[in-house]
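Below is one structure, written out as structure tokens; comments come after it.
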Amino acid sequence: MSDPDCIFCKIIAGELPAQIVDQDERTIAFMDISPATRGHTLVVPRRHARDLLEIEPEDLEATILAAQRLARTVRDRLGADGVNLLNSCGSAAWQTVFHFHVHVIPRYAGDPLRLPWTPAPGDADEIAKTAQALR
Ligand code: AMP
Ligand code: ZN
């Protein structure tokens, strides 16, 4: 169910802080600490699965549906003009946290983001404010 060495399992268990913006029976969504754009969130299944190859179908379905819900929320609350969903599977594909997650990256017309982005720590106050707008 959970992996004691996994940082996302610790967030799910409430043992590590996170700006949680959405949750349901199977999933949790929280703000990425190094956002590519304003409102960048991660959706994860509560049940630990390493990656796309291992996740159970019902958790995959719930995670994608939660990502769709968040895509609508960033459009409605943040005025996003578009959204990139991103999943990395395996270190060759740049996966760095080995608990399946879908990045929900809001896009704004003319924004400077070019994928893949170079992650850099975001401003904690700004992330908290944006999380509040999404809840
Ligand atoms: P990936 O490279 O696709 O595995 O993405 C991992 C993402 O997790 C990166 O965008 C990190 O910024 C993000 N991340 C790592 N640790 C945390 C954390 N404690 N809280 C929120 N986001 C995190
Ligand atoms: Zn985990």
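Counting convention: from 1, in listed order, for ligands and their atoms alike.
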Within the 4.0 Å heavy-atom shell around [X], which atoms of ligand 1 are there?
X      : value
Gln95  : 4 (O)
Phe8   : 8 (O)
His101 : 1 (P), 3 (O), 4 (O), 5 (O), 6 (C)
Leu42  : 8 (O), 13 (C), 22 (N)
Ile33  : 14 (N), 16 (N), 17 (C), 18 (C), 20 (N), 21 (C), 22 (N), 23 (C)
Ser34  : 12 (O)
Trp94  : 1 (P), 2 (O)

Answer yes or no: does an N/O atom from [X] fall short of 3.5 Å to an N/O atom of ligand 1?
X      : value
His40  : no
Trp117 : no
Ile7   : no

Just checking, any donor-acceptor pair under 3.5 angstrom between side chains of [X] and [Y]?
X      : Y      : result
Asp24  : Thr27  : yes
Arg77  : Gln132 : no
Thr130 : Glu126 : yes
Arg50  : Gln95  : no

Open item on the list: As a quick check of understanding, evaluate side-chain contact (heavy atoms from CB on, under 4.5 Å) for Thr41 and Asp32, giving each step before the final call.
Closed with: CA-CA 5 Å; Thr41 59; Asp32 194 302; over 6 Å; no
Task: Metal-centred angle, ND1 of His48 through the Zn ion (ligand 2) to ND1 of His99, rounded to 10 degrees - done: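 That angle is 100°.
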Open item on the list: If the threshold is 4.0 Å, N to carboxylate O, is there a salt bridge linking Asp22 and Arg69?
Closed with: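 The answer is yes: the pair qualifies as a salt bridge.
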TODO: Considering only NZ, NE, NH1 and NH2 on the basic side and carboxylate oxygens on the acidic side, decide whether Glu58 and Arg47 come within less than 4.0 Å.
DONE: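 Looking at Arg47 together with Glu58, the answer is yes, because their closest N to O distance falls below 4.0 Å.
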Open item on the list: Are His101 and His103, when compared by the centres of their aromatic rings, separated by less than 6.0 Å?
Closed with: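 Ring centroids of His101 and His103 are less than 6.0 Å from each other.
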Task: Ring center gap for Phe30 and Phe8 short of 6.0 angstrom - done: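 Yes, ring centres under 6.0 Å apart.
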Side chain or backbone of [X] under 4.0 Å from ligand 1, or both, or neither, by non-hydrogen atoms?
X      : value
Leu16  : neither
His103 : side chain
Asn87  : neither
Ser88  : side chain
Phe100 : neither
Phe30  : side chain

Task: Nearest-0.5 Å distance that lies between atom OG in Ser2 and atom NE2 in His48 - done: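 So the gap between those two atoms works out to 8.5 Å.
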TODO: May I ask you to check whether over 12 heavy atoms, not counting those of Glu61, lie within 6.0 Å of atom CD?
DONE: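 Incorrect, the count does not exceed 12.
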What protein heavy atom sits nearest [atom], and how far away is it?
atom                    : result
atom 11 (C) of ligand 1 : Asp32 OD1, 3.5 Å
atom 2 (O) of ligand 1  : Thr96 OG1, 2.9 Å
atom 19 (N) of ligand 1 : Ile11 CD1, 3.9 Å

TODO: For residues Leu86 and Val102, determine if any side-chain heavy atom of one lies less than 4.5 Å from a side-chain heavy atom of the other.
DONE: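 Leu86 vs Val102: side chains apart.
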Open item on the list: With heavy-atom distances below 4.5 Å as the criterion, would you say the side chains of Leu60 and Leu52 are in contact?
Closed with: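 The answer is yes, as the side chains (C-beta and beyond) meet within the 4.5 Å cut-off.
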Open item on the list: If we only consider heavy atoms of Phe98, is any one of them less than 4.0 Å away from an atom in ligand 1?
Closed with: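 It does not, in that no heavy atom of Phe98 comes within the 4.0 Å cut-off of ligand 1.
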